[in-house]
2 protein chains.
Amino acid sequence: MVENSELRKAGLKVTLPRVKILQMLDSAEQRHMSAEDVYKALMEAGEDVGLATVYRVLTQFEAAGLVVRHNFDGGHAVFELDDGKHHDHMVNVETSEVIEFFDEEIERLQKAIVDKYGFEMVDHNLVLYVRKKK
Amino acid sequence: MVENSELRKAGLKVTLPRVKILQMLDSAEQRHMSAEDVYKALMEAGEDVGLATVYRVLTQFEAAGLVVRHNFDGGHAVFELDDGKHHDHMVNVETSEVIEFFDEEIERLQKAIVDKYGFEMVDHNLVLYVRKKK
DNA sequence: TTTATTGCAAATCGTTTGCATCTCC
DNA sequence: GGAGATGCAAACGATTTGCAATAAA
């Protein structure tokens, strides 16, 4: 279970909305949720939190490293709890299901390319859009 | 030079705005332009085309396969002429410069992963955010 | 002439912000 | 009690759309 100490550690006051949002991200069936998703889930759970607060809190969580933000195709951002383990994503375009994967070799090759160009990596983003093989 | 026949081939009437936009994408210094970029460039060139038209035309070009749309981090989409050769992108976060690259090995590994999960690839998207090594 | 295309302004979507009110420490 | 957090509604930036006017074929 997510601890309130994580909030304190991040220099964030332990408030009801923050605790609820953190719990929601931790307990929801879907690991990847948009701000809207979180908001609706809270509503359904009878928790009364404003949408603006959800956006604000998610952004703070991201800055604090509690959460990672992804910009998959299609307008809105999705967030997931940061478990510290980097991974990439596969999106099933037919179901919108998100599958996580990690490939050491790909990571290595990316670094090699960045290096070759004389840059250093700030961030990287790999998304495979897929569909069940017929 | 881009040909009007490309427009006809795509089933699009050859209109002034479409021709101008296509030429702009072909001749601009930057291969990657947002709708706003194209619009401003046209204005500066004395061409009078509405912003809504630029959006509409770019979307049609994308559907016709003349142009590829990318959603890099940061709100707005960028478009580039489709030369038929797939490549990935590196974005210099300090200058917003976009560098194209292609790595056969990475492509191969991506396919292998998709395969392993029993999917087929619909599309894929790899962006490396980088900065000059200090 | 006929139908597609354009320009404009208003609408939409996801997200952010100002501000008065409320909560946590 | 006071700093910081919240909710609401208004503001936002990117993109889309309705519609009457216009330009291709």
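Proteins come first, then strands; the chains are lettered A, B, ... in the order of their sequence lines, and each starts at number 1.
- The CG atom of B/N125 lies 11.0 Å from the CG atom of A/D88; values are rounded to the nearest 0.5 Å.
- In this entry the distance linking CZ of A/R69 with C1' of C/dT16 reads 11 Å, nearest Å.
- Comparing B/L12 and B/N71 by the nucleotide of DNA chain D whose heavy atom lies nearest to each, the residue mapping closer to the 5' end is B/N71.
- Taking the six-membered ring where the residue is Trp, B/F102 and B/H86 present perpendicular rings, their angle passing 60° and hence far from 30°.
- Following rounding to the nearest Å, A/Q60 (CD) and C/dT16 (C1') show an atom-to-atom distance of 13 Å.
- You'll find a donor-acceptor pair under 3.5 Å spanning the side chain of A/R56 and the base of C/dG18, going by distance alone.
- Rounded to the nearest 0.5 angstrom, B/L51 CG and B/K40 NZ are separated by 10.0 Å.
- Between A/V130 and B/V122 the shortest heavy-atom distance is C-CG2, 3.8 Å.
- The interatomic distance linking B/D48 (CG) with C/dT6 (P) rounds to 13 Å, in whole Å.
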Self-check item: From CA spacing to verdict: salt bridge (charged side-chain N to carboxylate O under 4.0 Å, His left out), B/K133, A/E120
Solution: CA-CA 5 Å; B/K133 201 177 279 173; A/E120 60 183 25; over 6 Å; no
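- The side chain of A/T59 approaches C/dT16 more closely than any other nucleotide in the set C/dT15, C/dT3, C/dT16.
- When the P atom is compared between C/dG14 and C/dA10, the two are found 23 Å apart, to the nearest whole Å.
- The two residues A/M90 and A/F101 make their nearest non-hydrogen contact at CE-CD2, 3.6 Å.
- A tilted orientation is assigned to the rings of A/H32 and A/F72, their planes being inclined by 30° to 60°.
- In this structure, B/V14 and B/V78 both approach DNA chain D, and ranking their closest nucleotides by distance from the 5' end singles out B/V78.
- Between C/dC19, C/dT15, C/dC8, one nucleotide has an atom nearer to the side chain of A/L51 than all others, and that is C/dT15.
- Nucleotides of DNA chain D with any atom under 4.0 Å from a heavy atom of chain A span, from 5' to 3', D/dA3 to D/dA9.
- Distance CD (B/E47) to C1' (C/dT6): 15 Å, rounded to an integer number of Å.
- Taking atom CG of residue B/L7 and atom C1' of nucleotide C/dT5, one finds them 13 Å apart after rounding to whole Å.
- Close to C/dG7, at under 4.0 Å from its OP1 or OP2, lies a side-chain N or O of B/T53.
- Regarding B/L42, its CG atom lies at a distance of 14 Å from the C1' atom of C/dT6, rounded to whole Å.
- Computed from coordinates, the A/L58 CG to C/dG14 P distance equals 15 Å when rounded to whole Å.
- When distances run from any side-chain atom of A/A77 to the nucleotides C/dT15, C/dT6, C/dA9, the shortest one goes to C/dT15.
- Between B/Y55 atom OH and C/dA9 atom P the separation is 17 Å, expressed in whole Å.
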